[in-house]
Q: 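The structure that follows is given in the form of structure tokens.
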Number of protein chains: 4
Amino acid sequence: MTSQPRSSGPSRPPGRPRDEQVDAAILAATRELLVEVGYERLTMTDVAARAEVGRPTVYRRYASKEALVAASVDAVRQPSPAPDTGSLRGDLRAELLPRAAELGEPLLLQFLAVLLVSNAEGSPFAQVYWRKAVAARRAAFGEMLERAQLRGELAADLDIDLLTDLVGGGMIYQALRPAGVRDEPLAQRVERVVELVCRLLTGVRVDGPGS
Amino acid sequence: MTSQPRSSGPSRPPGRPRDEQVDAAILAATRELLVEVGYERLTMTDVAARAEVGRPTVYRRYASKEALVAASVDAVRQPSPAPDTGSLRGDLRAELLPRAAELGEPLLLQFLAVLLVSNAEGSPFAQVYWRKAVAARRAAFGEMLERAQLRGELAADLDIDLLTDLVGGGMIYQALRPAGVRDEPLAQRVERVVELVCRLLTGVRVDGPGS
Amino acid sequence: MTSQPRSSGPSRPPGRPRDEQVDAAILAATRELLVEVGYERLTMTDVAARAEVGRPTVYRRYASKEALVAASVDAVRQPSPAPDTGSLRGDLRAELLPRAAELGEPLLLQFLAVLLVSNAEGSPFAQVYWRKAVAARRAAFGEMLERAQLRGELAADLDIDLLTDLVGGGMIYQALRPAGVRDEPLAQRVERVVELVCRLLTGVRVDGPGS
Amino acid sequence: MTSQPRSSGPSRPPGRPRDEQVDAAILAATRELLVEVGYERLTMTDVAARAEVGRPTVYRRYASKEALVAASVDAVRQPSPAPDTGSLRGDLRAELLPRAAELGEPLLLQFLAVLLVSNAEGSPFAQVYWRKAVAARRAAFGEMLERAQLRGELAADLDIDLLTDLVGGGMIYQALRPAGVRDEPLAQRVERVVELVCRLLTGVRVDGPGS
DNA sequence: CGGTAAGCGAGACGGTACGTCGCGTCTTAAG
DNA sequence: CTTAAGACGCGACGTACCGTCTCGCTTACCG
């Protein structure tokens with residue numbers, strides 16, 4: 001395969017090609033350090049050292065620390081389709097519980113924080129990531145809710161985008177509460193949030209509509 | 001008797017007391033710069049320069065950038081009691097709309113981001129702030145909901161703490177969405193979230209489950 | 001004695017008089033630290049602390065570190081008359097050997113170095129001290145040599161000022177050679193220098209002028 | 001064969017080599033500032049600025065101000081052989097007058113002072129320099145005197161090492177006397193010292209002891 | 001198969017912020 | 001008016017990290 005006759009295509013650029021193992025090592029090192037020390041205390045020098053790579057080799061791939069971190073986290077997210085279990089309750093659980101598990105991973109949590117800080121500082125990277133990764137998830141969630149509306153499980157005039165924000169915010173909020181303040185495991189807490197959301201969305205009925 | 005050391009009382013410590021104008025100038029400079037350049041690009045040197053103060057004078061008060069920022073924002077929050085308008089809907093609006101206005105201020109937004117980053121990095125400062133500032137707000141909100149439960153406006157078995165998370169997360173989420181992604185003014189968007197929350201909490205039942 | 005009726009005289013200035021014990025403590029602390037850590041590493045804070053005195057109390061007496069050091073060393077030198085033993089050799093020994101002993105004291109050595117550095121930097125303090133302390137010693141030495149000339153022990157046309165430089169430089173040079181380079185005790189070495197000076201000044205006569 | 005590491009030889013270390021122009025610029029800047037403001041007022045920041053170099057670049061080469069100054073002066077001294085004119089008088093003049101000229105240069109003077117201060121503070125740098133630079137000069141001077149002894153111009157039993165100290169001290173003393181105290185140019189004064197030394201060493205006997 | 005263009009590890013470079021320390025001045029309260 | 005205590009403005013210190021550069025070497029392709 002090495003002497004493949006060009007086949008056609010964009011005709012690989014001249015010179016030595018980039019080492020893919022280096023690519024992987026850099027991203028892995030970044031993720032590890034991100035979890036271990038956090039964004040602020042992560043240094044390019046440390047990343048290069050852990051990846052057993054020269055510092056310029058990192059910069060050849062990513063122009064800045066911010067870009068490196070973005071890429072390292074981006075690479076870890078894999079898309080998954082919106083669940084379709086047939087019931088709103090089932091869909092919600094199928095969608096949100098895995099999401100909660102992800103939030104429990106320190107890497108994603110860390111990244112979330114970075115995203116927010118960068119965002120607040122007007123970084124372009126935040127917007128890019130938001131549109132790319134967050135928007136997809138939101139769209140899936142939205143479809144899920146629309147199906148529930150079609151089935152009549154959910155009030156048809158509820159603003160789905162708004163609802164998505166509410167549920168998403170509620171979920172993320174759990175993960176961002178400092179560990180020392182939380183009194184129960186994240187997973188359990190999130191489970192209860194999911195239950196609450198189900199109750200609210202399917203129409204609470206406090207003491208009957210009769211009054 | 002003349003040399004009696006005032007017996008009890010706080011009896012100021014010896015030496016020149018700290019200049020309160022300096023205190024104020026440092027906090028003001030920090031807030032300004034936080035808004036102008038953001039947390040990462042804020043430097044102690046710049047803070048000192050803007051406050052027209054020596055750098056060690058800043059460090060005398062705050063051991064680190066993190067502590068400085070925490071204090072600067074902390075000083076800006078003033079407590080307000082939970083509203084009591086007599087109806088859940090009125091209370092929610094009275095409580096949440098001012099909160100939304102605060103979120104619109106770049107300073108608080110910036111601080112929120114810092115809080116999250118610091119938190120993820122295991123900083124003690126995040127926990128302290130959380131307990132001090134956030135917890136008070138949450139308690140007020142909780143009382144508000146409890147009154148609604150007593151009045152029968154809200155299902156008595158709803159977990160108020162959970163509900164608080166959900167609403168709080170939904171609110172904050174609005175503020176943290178990158179400006180470029182938002183399509184309507186923050187205030188207007190939040191108003192709609194409040195409406196949505198009202199509908200959910202008071203038991204939606206738009207067209208009945210029957211149809 | 002405390003209630004002495006003013007006696008008369010220049011009518012003591014108003015207010016609390018300066019504490020003379022403080023004066024002494026400051027100078028003593030300075031000398032100790034000068035010997036222990038040297039001029040560069042000596043700090044006003046340390047001096048004040050060791051003297052158990054506030055820092056401004058030091059500054060009230062001495063405007064700068066340089067002035068403090070000058071005063072501290074100055075206070076240790078006491079004048080002594082030029083010896084007059086009747087012979088050049090006796091006078092030289094009587095004058096130079098005590099001087100050598102002084103050079104052995106770390107304090108004076110340290111001060112000498114400071115004097116030189118300050119001098120090279122054009123400090124006024126160096127000149128003042130030079131004129132005050134060094135000049136007196138030089139004058140005494142000069143008188144000694146003049147008496148020797150009158151007695152005919154010393155060539156009458158020798159430039160005494162020049163001779164003083166030569167002998168003085170030779171003496172100081174001994175003290176300034178780094179301890180690690182010296183191979184015999186300072187006192188012994190200086191004794192031999194004195195002997196050499198005596199031989200040279202009284203007119204060496206190698207193998208007769210006849211040739 | 002292609003990857004053979006050159007077998008023996010110095011074989012440059014990996015990485016970018018140090019910029020020799022930077023080396024030179026730093027030393028030059030140091031010398032200039034040393035002359036302009038003196039040792040105490042010389043700052044690493046100023047050196048770096050004048051050399052148009054980052055501050056860390058200076059620290060990469062010299063761990064401290066002391067080491068920097070040592071190197072900067074060290075680089076300026078070039079060895080010269082002991083003169084051999086055939087007569088003690090000629091040799092003395094040939095050796096000492098150039099030395100006096102050097103002493104007239106502010107740089108060397110400044111350095112001399114630093115040497116002394118550092119020495120008194122127990123710095124290793126002083127001893128190193130002493131052994132390296134001073135010892136060589138002393139040896140040359142000693143050889144010169146030995147030749148004079150062999151020729152019978154100088155008493156054979158004079159201790160040459162001691163004599164070297166005496167003459168050296170006398171010379172340096174001239175340079176270190178504060179400029180404001182000196183009344184004639186350094187060069188002229190030194191010339192007279194040389195003359196005096198010649199008279200003393202060759203056995204003074206101006207008008208005989210008889211008169 | 002030798003040339004050439006790029007990748008690579010290493011590390012120096014200019015710049016900038018950090019957090020500390022010392023200087024010399026000031027502002028308190030106590031005497 | 002002196003004293004002890006200590007805050008203040010200033011500015012240097014030595015360190016760390018950023019992002020760029022320059023080395024000598026290696027690795028692929030391309031003629």
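Here is how names work: the chains are called A, B, and so on, in the same order as the sequence lines, proteins then strands, and each is numbered from 1.
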Q: Does D/Arg55 use its side chain to pair, donor to acceptor, with the backbone of D/Ala48 at less than 3.5 Å?
A: no
Q: Roughly, in whole Å, what's the span from CD in B/Gln21 to C1' in F/dC8?
A: 13 Å
Q: Just the rounded figure in Å: distance from P of E/dG7 to OH of A/Tyr62.
A: 14 Å
Q: Can you give me the closest heavy-atom contact between C/Thr57 and C/Ile26, atom names plus distance?
A: O-CD1, 4.2 Å
Q: Using a cut-off of 4.0 Å on non-hydrogen atoms, how would the nucleic acid contact of D/Asp19 be classed: base, sugar-phosphate, or nothing?
A: sugar-phosphate
Q: Could you pull out the closest heavy-atom pair between B/Leu34 and B/Tyr39, with the gap in Å?
A: CD1-CA, 3.8 Å
Q: So if I take residues 22-30 of chain B and measure heavy-atom distances to DNA chain E, which residues fall below 4.0 Å?
A: none
Q: Assess the residue pair A/Leu27 and A/Tyr62 against the criterion (side chain to side chain contact (heavy atoms under 4.5 Å, CB included)); give the C-alpha distance rounded to whole Å, side-chain angles, the decisive distance to 0.1 Å, and a yes or no.
A: CA-CA 11 Å; A/Leu27 291 180; A/Tyr62 310 101; 3.3 Å; yes
Q: Nearest-Å distance, CZ (C/Arg41) to P (F/dA12)?
A: 20 Å
Q: For B/Asp23, give me all partners under side chain to side chain donor-acceptor pair (under 3.5 Å), at least two apart in sequence or on another chain.
A: B/Arg61
Q: May I ask you to evaluate whether A/Arg61 reaches the phosphate of E/dC8, defined as a side-chain N or O under 4.0 Å from OP1 or OP2?
A: yes
Q: Surrounding CD of B/Glu52 (heavy atoms of other residues, nucleotides or ligands, distance under 6.0 Å), is the total greater than 12?
A: no
Q: May I have the distance from A/Glu20 (atom CD) to F/dA28 (atom C1'), rounded to whole angstrom?
A: 14 Å
Q: For the atom pair CD (D/Glu36) and CZ (D/Arg41), what is the distance rounded to the nearest 0.5 Å?
A: 12.5 Å
Q: Return no unless some side-chain N or O of A/Arg18 is found under 4.0 Å from OP1 or OP2 of E/dG7.
A: yes
Q: OP1 or OP2 of E/dC18 versus the side-chain N and O atoms of B/Thr45: is any pair under 4.0 Å?
A: yes
Q: Minimum heavy-atom separation for C/Leu42 and C/Thr30, please, with both atom names.
A: CD1-O, 3.8 Å
Q: How many Å lie between CD on D/Glu66 and C1' on F/dC13, as a whole number?
A: 15 Å
Q: Without decimals, in angstroms, what is the distance between A/Arg60 CZ and E/dG9 P?
A: 8 Å
Q: A/Glu40 CD to E/dA17 P: how many Å, rounded?
A: 15 Å
Q: Would you kindly give the CZ-to-P distance between D/Arg16 and E/dA12, to the nearest whole Å?
A: 10 Å
Q: What does D/Ser64 touch in the nucleic acid at a heavy-atom separation under 4.0 angstrom: a base, only the sugar-phosphate, or nothing?
A: nothing
Q: What contact category does C/Leu42 fall into here, base, sugar-phosphate, or nothing, at under 4.0 angstrom with non-hydrogen atoms?
A: sugar-phosphate
Q: Taking A/Arg50 for the side chain and A/Ala29 for the main chain, is one N or O donor matched with an acceptor at less than 3.5 Å?
A: no
Q: Going by heavy atoms closer than 4.0 Å, what residues in residues 51-59 of chain D are next to DNA chain F?
A: D/Arg55, D/Pro56, D/Tyr59
Q: F/dC18, E/dC23, F/dC23: which one has an atom nearest the side-chain heavy atoms of C/Met44?
A: E/dC23
Q: Answer yes or no for C/Lys65 and C/Tyr59: cation-pi contact, defined as NZ/CZ to six-membered ring centre under 6.0 Å and angle to ring axis within 45°.
A: no
Q: Starting at the 5' end of DNA chain F, which residue's closest nucleotide do you reach first, D/Pro17 or D/Ala63?
A: D/Ala63
